[in-house]
2 protein chains.
Amino acid sequence: MAGVRGGSGPGQQVGLSRPRVLRGAVAIADERGLAALTMRSLAESLGVEAMSLYHHVANKEAVLDGLVEVVMAEIEEAVAGLDAPAPEDDWQRAMRMRVLAAREVLVRHPWAPSVFETRTGTSLAVARYFDGVLGLMRRGGFSYELGHRALHALGSRALGFSQELFEPDGIEAPEEALAAMAEEVPHLVAMIADASHGGAVLGWCDYQAEFEFGLDLILDGLERLRAAG
Amino acid sequence: MAGVRGGSGPGQQVGLSRPRVLRGAVAIADERGLAALTMRSLAESLGVEAMSLYHHVANKEAVLDGLVEVVMAEIEEAVAGLDAPAPEDDWQRAMRMRVLAAREVLVRHPWAPSVFETRTGTSLAVARYFDGVLGLMRRGGFSYELGHRALHALGSRALGFSQELFEPDGIEAPEEALAAMAEEVPHLVAMIADASHGGAVLGWCDYQAEFEFGLDLILDGLERLRAAG
DNA sequence: ACCTGAACACCGTTCAAGT
DNA sequence: ACCTGAACACCGTTCAAGT
């Protein structure tokens, strides 16, 4: 047959490696979503059989752990490139910039929160990031005790995302259904009606603005506690 | 063969039904974890073949949706049984009690947050709960606009849980590893050393206390904004 | 050392057949 | 109307075999 070796298909690799496997995994998750990432699809995208992957990663769990590493590396890079004030001068602004930089990375990898959520053990990469957050607060005048509480209070927000269990946007039913809804969730319906006075109706939630609101609420509260000693 | 019909095995049912299927699903998740919940294991626990389930639920997604309904019903019941102040008198205390009541339900179903996270669409049961939260804030003097922002700021905390991406507890390595860790995450190591002065070393995170701290941080901030008009 | 084909033990789900 | 057996199209993973 023709093309015995030198084909230019997706399997153009000179040899597999852990970084190459992880880069392939990120590409699939970015392009086709997390559900499309299987050992078989990953192997195929690398021009190799599924079983070959096991020479470079222990199993699929290890691939997911690797995805966390990749994302955290991108976040660390984004944070390093920041022109933030010294925490001694303005810890709150420094923290805000850090969190929003992390958030920008996550926007590029919308699957990332789901992967973070499934990881049980504490990854070193994540621990390093939180170590940086704690270090920032220390330089900003936090005691270890308050810094500890702050880490818990921030939770996933420190990494740039929050859990939106309920999206008011989801309520915007097609008019007729709204009347039926009004009995079940009167306050939500009224809230939407109130918001539509301004003009915007559908897609009226500005998630970035809401994220920043919640973040500032917490940071303001922490600053108050810090200042109070 | 003996025991043609009247056996007293797990399949003691007189006939399947959606509620019966969901109750079985909750039981499996409670006892053996979410991963153990498969259509086949669920069927077996009900003394039936897997394919029989499809006469009562559309598919596995519908089972997971049903789990959310069951949990939300338990939460609504817990909230209804609360002896909370009228929101007009003390919305913050009323809200705090509501959230902590929800949290108690979730503690009984540790798999619940994972299920909530995988649900994409807005469930009516969850919408109803958030409608109640918004109603409480309205009675407490919130505008719809601030109430809306409050719902976002609270996020999953309104239902009693928060995402702990990083558990400082996970750091408490077996002494020797700590020295190696000290280079990678110096602030976290120092934080733990600082905390151990008091006495408690391992298992030193009081998650309930940390949850309440974060909740109060947000509620205090919201009250400040509400009072400021 | 690295890659592979075949196979195993699972999944969720469909379908035609039973009562 | 409800339940079932057999089958299908997937998973992740093991194992013995190739180079």
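Chain identifiers are assigned alphabetically (A, B, ...) following the order of the sequence lines, protein sequences preceding nucleic acid strands; residue numbering begins at 1 within each chain.
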Please check if the distance between the ring centroids of B:His152 and A:Tyr207 is under 6.0 Å.
-> yes

Can you tell me the distance, in whole Å, between the CG atom of B:Leu46 and the P atom of D:dC3?
-> 10 Å

Which whole-number value in Å describes the distance from A:Leu37 CG to D:dC11 C1'?
-> 12 Å

Starting at atom CD of B:Glu49, determine the distance to atom P of C:dG12, rounded to an integer number of angstrom.
-> 14 Å

Phosphate OP1/OP2 of D:dC2 contacted by B:Ser52 side-chain N/O (<4.0 Å) = no

Winner on side-chain proximity to B:Met51, out of D:dA7, C:dC11, C:dC3, is D:dA7

Protein-nucleotide distance (B:Leu53, atom CG; C:dC11, atom P), rounded to Å | 13 Å

Side-chain donor/acceptor of A:His55 to base of C:dC3, under 3.5 Å | yes

Donor-acceptor under 3.5 Å (A:Ser156 side chain, A:Phe161 main chain) | yes

Side chain B:Ser45, main chain B:Gly24, donor-acceptor under 3.5 Å = no

When rounded to whole Å, the CG to P distance for the pair A:Asn59 and D:dT13 reads 5 Å

What's the CZ-C1' distance between B:Arg40 and C:dG12, to the nearest Å?
-> 7 Å

Is the shortest side-chain N/O distance from A:Tyr54 to OP1 or OP2 of D:dT14 below 4.0 Å?
-> no

Please determine, for D:dT4, whether a Watson-Crick or G-U wobble partner exists with both distances under 3.5 Å, and give it or none.
-> C:dA16

Using atom NZ of B:Lys60 as one end and atom P of C:dT13 as the other, report the distance to the nearest whole Å.
-> 8 Å

Pick from B:Arg138, B:Arg149, B:Met137: which one makes a side-chain contact (heavy atoms from CB on, under 4.5 Å) with B:Tyr144?
-> B:Arg138

Counting only side-chain N and O atoms of A:His56, is one of them less than 4.0 Å from OP1 or OP2 of C:dC3?
-> yes

Remember a base hit wins even if backbone is also touched, and classify A:Met39 as base, sugar-phosphate or nothing at under 4.0 Å, heavy atoms.
-> sugar-phosphate

Hey, is the main chain of B:Gly15 close enough, under 3.5 Å, to the side chain of B:Arg20 for a donor-acceptor pair?
-> yes

Whole-Å distance separating the CD atom of B:Glu44 from the P atom of D:dT4 | 13 Å

